[in-house]
Amino acid sequence: MNRVTKLFQPTAPIPKSLQDSNIIKSQRMMLEQGVIRAATSTGLYTLLPLGMRALKKLEVIVDRFMEKVGAQRLLLPTLTSDKLWKQSGRLEEAKAGSELFLLEDRHQRQYILGPTHEEAITEMLAAEIGLSYRRLPLLLYQVSNKYRDEPRPRYGLLRTREFVMKDMYSFDANAENALETYQSVTEAYNGIFQELGVKYVRVEGDSGMMGGSMSHEFHYPCESGEEQIIQCQNCHNSSNASLLESPVSSCPHCRSSDITIMHGIEVGHTFILGTRYSQPMNATFTADDNTIQPLIMGCYGLGLSRILAASVEALSLPTELRWPLSIAPYKVCIITPKHGSKEEAASGLTQSLYDLIECNQAFKNDVIVDDRTNLSIGRRLREAKRSGYPLIIVIGKKATQDIPRFEVFDLINNQEYEWTDGSLATRLKEYCADT
């Protein structure tokens, strides 16, 4: 049984180092509720057990959708030789932005703490002698920590110096096939965001330092977002405002002035890279006419730690966390009677209630019991709401009746119910179907 008394959830006020800064809702709530902990150095955070549970659930969703498009998971080295970045022609441009962490080993060789891995993956493919067109498309991805020396780290996990990212790289034989792969992967991204259930928008993006011929960004519309998104109500085209002339007065695609401007948090970015990296790094394949051709590449990133924070930012109340059901650290919290109270007579129902919920596969290992029986039910209910458990089930006064009834608080739909143990299985199935 998962118990709150065994959970490492150090709750604490906002550190003094952050009190005077511009703290947003998700940052404050995740710190206060023991989901993350700020390190001494600015822009670095520890993911505590609740945060790790949410992250691992998100990884499972991503893995499932990547498998659907035929992608294979690997893990590249965190350190990349600066020679590869010189070979791709990206080193000086990246240095100009001063966002690279550069290291030197005992032999004075220079390395980069990877902010992204185009060079590393392309070098690996370049070493594949005789790669045939028959093996294409090839889609390879990883989930790993990335590093960027942010000039102004802020907003908790939204802008940090170390973060968790899913980056995937595709390799195709020609531009037409690369576009098909691009469309397949971006549709998988749509599936991921739809399963999370947070409103999102896909917009034309800026290729920036990555290069390439096409780029799209995925954003959560949110007032605290740092990006400006332009949506046309006429042709429904969406773009990052950085791509358009300023000030923006009309949509560049249809010239309509019926546009909406909103703030967004970028949570994903996709690119068609073409031969931007394969050409200078000699990553080739043997075509069907036996000629040697450069691989056509694509790149697809998802900021996983950022998605956690952005989801919380988009859904939460000012004083209570709210999680998407699919990545909530625990989906159900059972609050037991207080020791010495009249309700304590119903405490024997805890194990059977726990087992009954866990019998539903959707809630397997997703139930936690707040067994701090020295605290009142009211206090534990308030704390459970602040932690954002989607379903909170209270074993209270009505649980002592001949037919026990449990108070149920549905945070996602903002509803309250009374369920009996006899109706619980059916109610849980309905809840999963409706949410």
Side-chain angles (χ1 to χ4, degrees), residues 13-15 17-39 42-48 50-51 54-55 58 99 146 148 150-165 192-193 196-203 205-206 208 216-231 238-244 246 248 259-269 301-324 327-329 385-388 411-412 414:
I14 300 297
S17 60
L18 296 174
Q19 286 178 0
D20 295 330
S21 61
N22 186 16
I23 294 180
I24 60 173
K25 177 173 54 179
S26 58
Q27 180 183 9
R28 176 172 51 79
M29 292 299 299
M30 294 175 86
L31 284 167
E32 290 179 347
Q33 293 309 115
V35 178
I36 61 175
R37 172 60 64 88
T42 305
L44 299 177
Y45 288 86
T46 297
L47 270 177
L48 297 171
L50 288 178
L55 179 65
L58 181 55
E99 291 189 0
K146 305 295 191 295
R148 289 178 187 163
E150 286 283 353
R152 292 179 58 214
R154 57 197 181 277
Y155 300 155
L157 298 184
L158 293 185
R159 189 166 291 280
T160 59
R161 288 178 168 155
E162 181 177 2
F163 52 96
V164 181
M165 186 169 115
I192 291 170
F193 288 114
L196 290 174
V198 182
K199 182 181 178 182
Y200 75 99
V201 59
R202 177 175 177 255
V203 307
D206 182 3
H216 289 88
E217 301 166 359
F218 291 81
H219 288 261
Y220 283 166
C222 199
E223 280 303 312
S224 57
E226 296 184 281
E227 303 289 339
Q228 273 201 335
I229 306 302
I230 310 299
Q231 277 192 320
S238 301
S239 299
N240 190 313
S242 64
L243 297 177
L244 309 177
S246 183
V248 179
I259 60 173
T260 300
I261 301 177
M262 68 181 74
H263 289 278
I265 300 173
E266 183 184 331
V267 288
H269 207 151
L302 283 177
L304 300 192
S305 52
R306 176 176 276 209
I307 287 174
L308 296 188
S311 298
V312 169
E313 183 67 25
L315 299 177
S316 293
L317 304 179
T319 59
E320 296 179 0
L321 284 172
R322 290 294 183 271
W323 297 91
I327 61 170
K385 287 181 176 180
R386 284 178 63 82
S387 292
L411 268 58
I412 290 181
N414 194 29

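We number each residue from 1, following the sequence as shown. These values consider heavy atoms only, across backbone and side chains, with no hydrogens, waters or symmetry-generated copies.
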Judged by atom type as modelled, is there a donor-acceptor pair below 3.5 Å linking the side chain of Arg28 to the main-chain atoms of Pro318? yes
Is it true that a side-chain atom of Ser26 and a backbone atom of Ala310 form a donor plus acceptor pair closer than 3.5 Å? no
Would Val267 and Phe193 satisfy side chain to side chain contact (heavy atoms under 4.5 Å, CB included), going step by step from the backbone distance to the final call? CA-CA 10 Å; Val267 288; Phe193 288 114; 3.5 Å; yes
Considering non-hydrogen atoms only, spot the tightest contact between Trp323 and Ala54 and give its length. CZ3-CB, 3.8 Å
Please name the pair of heavy atoms, one in Pro221 and one in Met262, separated by the smallest distance, quoted to 0.1 Å. CB-SD, 3.7 Å
Got a donor-acceptor contact below 3.5 angstrom from the Glu217 side chain to the Gly205 backbone? no
Quick check: does any side chain N or O of Arg306 sit under 3.5 Å from a backbone N or O of Leu158, one acting as donor and the other as acceptor? yes
Please check this pair: side chain of Arg322 against backbone of Leu317, looking for a donor-acceptor N/O pair closer than 3.5 Å. no
Would you find a donor on one side and an acceptor on the other, under 3.5 Å apart, between the side chain of Thr160 and the backbone of Glu162? yes
Go through the steps to decide whether Val198 and Ile307 satisfy the test side chain to side chain contact (heavy atoms under 4.5 Å, CB included), and finish with yes or no. CA-CA 10 Å; Val198 182; Ile307 287 174; over 6 Å; no
Run the side-chain hydrogen bond (donor to acceptor under 3.5 Å, both in side chains) check on Gln231 and Thr260 step by step: do they pass? CA-CA 5 Å; Gln231 277 192 320; Thr260 300; 5.6 Å; no
Compare all side-chain heavy atoms of His263 with those of Glu226 and state whether any distance is below 4.5 angstrom. no
